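All remarks here apply to the structure that follows.
In what follows, every heavy atom counts, from backbone to side chain, and hydrogens, waters and symmetry copies are set aside. From a predicted model like this one, the values you see are computed outputs, not experimental measurements. Every chain is numbered from 1, with letters handed out A, B, ... down the list of sequences.
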Protein chains: 4
Amino acid sequence: MKERIKSIVEINDNKVSSSFGFFIQALILLSVITFSIETIPNLKPRTRIVLKVIEWFSVIVFSIEYILRIYVADSKPKFVFSFFGIIDLLAILPFYLSFGVDLRSLRALRFLRLFRILKLVRYNRAMNHFTRAIKSAKEEILLFLFITLILIYFSAVGIYYFENQAQPEHFTSIFDSLWWAIITLTTVGYGDVYPITVGGKVFTFFILMIGLGIVAIPTGIISSALTKSVDKKQDE
Amino acid sequence: MKERIKSIVEINDNKVSSSFGFFIQALILLSVITFSIETIPNLKPRTRIVLKVIEWFSVIVFSIEYILRIYVADSKPKFVFSFFGIIDLLAILPFYLSFGVDLRSLRALRFLRLFRILKLVRYNRAMNHFTRAIKSAKEEILLFLFITLILIYFSAVGIYYFENQAQPEHFTSIFDSLWWAIITLTTVGYGDVYPITVGGKVFTFFILMIGLGIVAIPTGIISSALTKSVDKKQDE
Amino acid sequence: MKERIKSIVEINDNKVSSSFGFFIQALILLSVITFSIETIPNLKPRTRIVLKVIEWFSVIVFSIEYILRIYVADSKPKFVFSFFGIIDLLAILPFYLSFGVDLRSLRALRFLRLFRILKLVRYNRAMNHFTRAIKSAKEEILLFLFITLILIYFSAVGIYYFENQAQPEHFTSIFDSLWWAIITLTTVGYGDVYPITVGGKVFTFFILMIGLGIVAIPTGIISSALTKSVDKKQDE
Amino acid sequence: MKERIKSIVEINDNKVSSSFGFFIQALILLSVITFSIETIPNLKPRTRIVLKVIEWFSVIVFSIEYILRIYVADSKPKFVFSFFGIIDLLAILPFYLSFGVDLRSLRALRFLRLFRILKLVRYNRAMNHFTRAIKSAKEEILLFLFITLILIYFSAVGIYYFENQAQPEHFTSIFDSLWWAIITLTTVGYGDVYPITVGGKVFTFFILMIGLGIVAIPTGIISSALTKSVDKKQDE
């Protein structure tokens, strides 16, 4: 009996197991969509009831799945405290907690439900590939995050110096300038804050010339690590 | 006779065939330009007549081309249901349908004419190169589309949580937040919606630091797959 | 005598020749700066005179340089019709033409002076490196420019279909939509035009997911071609 | 005694030395944060005092560190005029100078304090890796900065020609157009200036098609140089 359940829940090489996996994935997606719809203001009472029914149904299924997974695990504590064990718990916990706690704090709890989406990752084996690429280039990625942070901070200080007096409402302190720095160096450029003084514009010019190259480098590193990791797999 | 037509329509290694291909390509471009001009409001009646004449002429030529291609095809049904067979039909169908159907639905039909532009692809052999690169990196590209979608969804939920109360008109529901997430993570940054709370800005900072690398990775993968595919061709 | 001048003007391996090259480069930069300053409205008459003197001086020097280059050339007609021969002529021609022609057309002529900046390229040997990389990846770059153009056109037609009725002032015709398409797919995102309908936003989402990868690919190709070209140089 | 201090200050392979390094790094971060907080307007007097105390404390520690480093250096003048020697001095100098000089010039001096952040680099060995990659691709990076500058200048002149008459307030001179060129070619796109004439829009289209590839190339070069440099390290 236990072996039978295990083959359905954990192993993905037979028909029943694949169907089970597909069913859970579909339920996660449905659950995420209902979560999104719930945030729309002024829903009809009838829609609310439908959403609630789906939520009850998915929590019941996820709870059964969680219990089954504990039941079939070789080492029960190991599963409970594993990454996916915690994710599985977090996916259902908010629902049960919402009975016991004050209604005020319910709002923040709702967002915990989102952890369900991480359950999808379990079914995606290709993810390992990406994780390995990240690990192999860990040192470079950290270095560039560090350089990027220093660069952003320098840009913020510089623009504060140039623009503070001309636009005290937008560049009030270095913290406000940091917002400008991140939006500019990532080239998002909303246009809510931008330099208007000649000094600030020249400074932005130099920061962009130096900065763009640096901010975009981690992507290049991950891409090349990923390509190499694929090559290795093909060589084996 | 059939062989003669076939050598003109299908094979591109003689002078007549090249001229035929070039003529069809030029007509597709002309057809696309007239399609664009038709959308300009308040055209002069005379311009409308010229556009109509060009449209009639190109549909007649494309129809003859379609009939010839069916005529010379080794297997007629195979051609009709092939990718280019369907494209060739879609390129002329809207015109003939517009006689039979109600004028109201004409508007949407007009856009079907655009399928003509896909006919251009037939004449571009280098495209195979690109298709092969995409296929060889299919798994990685799908993985990253999946990760990107999860990331966009998480960003939307997060910004909804931070900005919903401060800007209920822009971050009304998670669906509205999704618009912000896609425009920000692709660094388009129109500036129609952006965070104004401190929490929302700090959240945007982290999302951009993590997200930019991930959203840009598929490009890196395609580029490297393309480069490898060129290398292989040169090695042969 | 001719050999002496030739060693100064054409060959860059002795001291006098290097100084000559440096002097010409400095004069080009000075000439570009004065050109920029001239566009500032309401200049003082005194500034105008200084600018005019610099302009006269640089034209005289460039004219002498042009004559010397013709004088020392092995084949005079070959030099005159070579790339740099034409650039050298275009750098001085606008000045001489401005005496003979009507003052109205002077404005456009002024811009011809900019060709002087291309003279800088002569002194940059590393440029060959880049030219070779571009040539080796010519086929791929052309293919992607072609795909990009089709993609931009498709995006323009799609957004026109979704937004024309909601924002007839911004998406008046496909030509106006093309402006939106190029600004969005290159992620510039000025924010002067953006979709407001749900359909338009969903369409933008898909276009960005597909399009960003494609628009950014030529850069990847050039970079990798450039890297390979450097490797080859090091192998030799 | 001198050897003992040297092992703490300079070498990072024992416990005391690691703790010392970590302490200095923490103090630099604290010092940067207090620097940022100081720029917030209308701080409470009590907060100001706390900030001042932290500033005094960190300057004293950095001064002691500087003296110790001179003391243990094999060649004292060599250290004082080395990169890190100058950085260490600049990190404390503004504080001492602020006693001697007029209060007016204090504001600019405050920013010199930021040099402290560069002290962080000393503790980051991975930086060498990046420096080597930059050096190996120096020639290409310089070439592309040069091409990018020419491209930006050409774009500015072109847009000035197209937009000057339509928007004299935004495209007043080539210097104003340069601002548009840098913000557009880096795809930041604040939306404070953008072309409105048909000519200007078509010009922007071509500039973006050519320019994006070129501006983004240095990033590709650095990434590939970095990847190669990692490969070499792994081969050894």
Side-chain angles (χ1 to χ4, degrees), chain A residues 136-137 139-140 142-144 146-147 149-150 153-154 156-158 160-161 164-165 168 171-178 183-196 198 201-202 204-225 227-228, chain D residues 32-33 35-43 107-108 110-111 113-114 117-118 120-121 124-127 129-130 133-134 141 144-145 148-149 152 175-176 178-179 181-193 215-231 234:
Chain A
S136 82
E139 204 185 332
E140 276 78 38
L142 279 176
L143 168 63
F144 274 94
F146 176 70
I147 296 179
L149 288 177
I150 290 186
Y153 187 74
F154 260 107
V157 172
Y160 171 78
Y161 180 76
N164 178 32
Q165 290 193 311
F171 296 93
T172 317
S173 72
I174 285 180
F175 296 102
D176 295 270
S177 304
L178 274 170
I183 291 305
T184 298
L185 279 170
T186 56
T187 77
V188 171
Y190 286 131
D192 53 342
V193 276
Y194 48 82
I196 54 167
V198 172
K201 286 179 176 183
V202 171
T204 307
F205 178 90
F206 285 108
I207 281 296
L208 279 172
M209 283 284 99
I210 303 164
L212 283 196
I214 290 175
V215 173
I217 284 170
T219 304
I221 298 170
I222 299 178
S223 296
S224 82
T227 315
K228 264 186 237 162
Chain D
V32 164
I33 291 165
F35 176 76
S36 305
I37 292 172
E38 270 177 52
T39 62
I40 298 174
N42 310 320
L43 283 177
R107 201 158 170 278
R110 273 200 338 223
F111 289 96
R113 273 203 269 152
L114 249 201
I117 216 171
L118 288 180
L120 276 177
V121 180
N124 199 314
R125 279 187 252 175
M127 192 70 110
H129 192 180
F130 176 54
I134 288 275
I141 293 169
F144 274 95
L145 274 181
T148 302
L149 288 178
I152 287 172
F175 296 102
D176 296 270
L178 274 170
W179 173 244
I182 180 82
I183 291 305
T184 298
L185 279 169
T186 56
T187 78
V188 171
Y190 287 131
D192 53 342
V193 276
V215 173
I217 284 170
T219 304
I221 298 170
I222 299 177
S223 296
S224 83
L226 209 56
T227 315
K228 263 185 239 163
S229 149
V230 180
D231 289 356
Q234 284 168 347

**OP:** Identify which part of A/Pro168 has an atom lying under 4.5 Å from any heavy atom of chain D, answering side chain, backbone, both or neither.
**Re:** neither

**OP:** To the nearest 0.5 Å, tell me how far A/Leu185 CG sits from D/Thr186 OG1.
**Re:** 9.5 Å

Original post:
Of the listed residues (A/Phe175, A/Tyr153, A/Tyr190), which shares the most heavy-atom pairs with chain D below a 4.5 Å separation?
Top reply: A/Tyr153

**OP:** Can you measure from CG (D/Asn42) to OG (A/Ser173) and round to the nearest 0.5 angstrom?
**Re:** 11.5 Å

**OP:** Between chain A and each of D/Asp192, D/Ile40, D/Ile152, count heavy-atom pairs under 4.5 Å; write down the option with the most.
**Re:** D/Asp192

Original post:
Which pair of non-hydrogen atoms, one from A/Thr184 and one from D/Val188, has the smallest distance, and what is that distance?
Top reply: O-CG2, 3.6 Å

**OP:** Ignoring hydrogens and angles, tell me if any N or O in the side chain of D/Thr39 forms a donor-acceptor pair with the backbone of A/Ile174 under 3.5 Å.
**Re:** yes

Original post:
From D/Ile182 CD1 over to A/Leu208 CG, what is the distance, rounded to the nearest 0.5 angstrom?
Top reply: 5.5 Å

Original post:
Relative to chain A, which segment of D/Leu178 carries a heavy atom at a distance below 4.5 Å: side chain, backbone, both, or neither?
Top reply: neither

**OP:** Measure A/Val193 against the heavy atoms of chain D and call it side chain, backbone, both or neither at under 4.5 Å.
**Re:** backbone

